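To start, the structure itself, in structure tokens.
Predicted, not measured: the structure shown is a model, and the values here were computed from it.
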Amino acid sequence: MTDEIRIAVFGSFHRGFHVLSELLKGPLASKVRVVGVATDDVQSGHISRDRRVWAYPHAREEETMVEELAAAHGLLAYKGRVKTPEFYHMYEQEWRPDVCIAATFGQRIDARLFEFPSLGFYNLHPCIDDGWPSHYAGPNPFKALLDDKSDHVSIALHEVDDGFDTGRLLGLSEKIYFPPGATVVDLHRLSSPIAAKFFASELNKMLG
């Protein structure tokens, strides 16, 4: 199909897995073509592991779920640094995305990457409805929400810019409530399916 929208996913862990699943197997699969996947290499030194979800106890399978899902659909997941000449070439000459989505990705996205897609580069970020940019901008919003004893989270869909979760807000998902004793990893698992369906719905609106 010549009118398929080319989309690249920068994601890992449960949010990356569910977003990629929606794009490959959900209602949007007939409208979009996933042309590239970048995911975290948990053993590398370029993802600030100590400040992100990988610092918490998790299963080995959760480190590789995005890579394995991509491979099952004939896609080779990129796990290196994204701000390199080699990646820029692949991104601009081979992937050539019309739109990109970041969903739990451990590297900062620079202007050369976020300015390339004609339909935008977006991020899914946990927060509450506390104004924008949210007080919960940063690499570990779930911990901040738990520290503040919040009983719920929403997922913000926003444009990626030079700041840290500061780009223009497109929308907030429904509230997702969590039980007492929930951990950071629990919140990733609870919220990711809703985050993915929220993004798919918003993307569908963008595509008309």
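Separation of the Phe10 and Phe121 ring centroids falls under the 6.0 Å cut-off.
Other residues, nucleotides and ligands contribute over 12 non-hydrogen atoms within 6.0 Å of the NZ atom of Lys83. For CG of Asp129, the number of neighbouring non-hydrogen atoms (other residues, nucleotides, ligands) closer than 6.0 Å is 12 at most.
Taking CD of Gln43 as the start and CD of Glu63 as the end, the distance is 5.5 Å to the nearest 0.5 Å. Here the straight-line distance linking atom CD of Glu92 with atom CZ of Arg112 works out to 4.0 Å at 0.5 Å rounding. The NZ atom of Lys79 sits 7.5 Å away from atom OG1 of Thr64, with the distance rounded to the nearest 0.5 Å. Atom CD1 of Ile101 sits about 9.5 Å away from atom CZ of Arg15, to the nearest 0.5 Å. A distance of 11.5 Å separates SG in Cys127 from NE2 in His135, rounded to the nearest 0.5 Å. Rounded to the nearest 0.5 Å, atoms CG (Leu170) and CG (Asn123) are 11.5 Å apart.
Side-chain atoms of Ile128 and Ser150, non-hydrogen and from C-beta on, do get closer than 4.5 Å to each other. Taking 4.5 Å as the limit, every side-chain heavy atom of Ile47 sits out of range of all side-chain heavy atoms of Asp41. Phe199 has its side chain out of reach of Ser173: every pair of non-hydrogen atoms, C-beta onward, lies at least 4.5 Å apart. Side-chain contact between Met65 and His14 is present, with at least one heavy-atom pair separated by less than 4.5 Å.
In this pair, Trp132 and His125 present their aromatic rings perpendicular. The plane angle is above 60°, beyond the 30 to 60° band.
Under a hydrophobic-cluster definition in which Ile, Leu, Val, Met, Phe, Trp and Tyr are linked whenever side-chain heavy atoms come within less than 4.5 Å, directly or via other members, Val35 and Leu28 are assigned to different clusters. When hydrophobic clusters are built by joining Ile, Leu, Val, Met, Phe, Trp and Tyr residues whose side-chain heavy atoms come closer than 4.5 Å, directly or via intermediates, Leu75 is grouped together with Val9. Val53 and Leu124 end up in the same hydrophobic cluster when Ile, Leu, Val, Met, Phe, Trp and Tyr side chains are linked at under 4.5 Å. Linking Ile, Leu, Val, Met, Phe, Trp and Tyr whenever their side-chain heavy atoms come within less than 4.5 Å leaves Val19 and Tyr78 in two separate clusters. There is a path of hydrophobic side-chain contacts, each under 4.5 Å, that joins Leu190 to Leu145.
Taking all atoms of both residues into account, the shortest heavy-atom contact from Ser12 to Thr39 is CB-OG1, 3.3 Å. Nearest heavy-atom pair across Arg108 and Gly163 is NH2-O, 3.3 Å. Of all heavy-atom pairs between Arg6 and Glu94, the closest is NH2-O, 3.1 Å. Residues Tyr122 and Gly120 share a closest heavy-atom pair of CE1-C, 3.6 Å. Across all their heavy atoms, Pro57 and Val185 have their closest contact at O-CG2, 3.7 Å. Closest non-hydrogen pair, Leu187 versus Ala182, comes out as CD2-CB, 3.9 Å.
Remark: of the listed residues Trp54, Tyr56, Phe142, Phe142 is the sole one forming a ring-ring contact (aromatic ring centres under 6.0 Å, His included) with His188. A ring-ring contact (aromatic ring centres under 6.0 Å, His included) with Phe116 is found for exactly one of Tyr91, Tyr88, Trp95, namely Tyr91.
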Check against side-chain contact (heavy atoms from CB on, under 4.5 Å), Ile194 and Ile155:
CA-CA 8 Å; Ile194 294 172; Ile155 305 297; 5.7 Å; no

Using the side-chain contact (heavy atoms from CB on, under 4.5 Å) rule, take Leu119 and Leu207 through it: C-alpha gap first, then chi angles, then the decisive distance, then the call.
CA-CA 9 Å; Leu119 298 179; Leu207 301 181; 4.2 Å; yes

Walk me through whether Leu146 and Phe178 qualify under side-chain contact (heavy atoms from CB on, under 4.5 Å).
CA-CA 10 Å; Leu146 290 174; Phe178 37 85; 3.9 Å; yes

Test Ser201 against Asn204 for side-chain hydrogen bond (donor to acceptor under 3.5 Å, both in side chains), laying out the working first.
CA-CA 5 Å; Ser201 175; Asn204 194 42; over 6 Å; no

Apply side-chain contact (heavy atoms from CB on, under 4.5 Å) to residues Leu69 and Lys25 and explain how you reach the verdict.
CA-CA 11 Å; Leu69 175 61; Lys25 299 184 284 187; 4.2 Å; yes

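Checking side-chain atoms of Asp98 against main-chain N and O of Ser118 turns up no donor-acceptor pair under 3.5 Å. In terms of modelled atom types and a separation under 3.5 Å, the side chain of Asp186 and the main chain of Thr183 share a donor-acceptor contact.
Contact check on Arg189 versus Glu62 returns a salt bridge, with a Lys/Arg side-chain nitrogen under 4.0 Å from an Asp/Glu carboxylate oxygen.
Judged by the 6.0 Å and 45° rule, Arg81 forms no cation-pi pair with Phe87.
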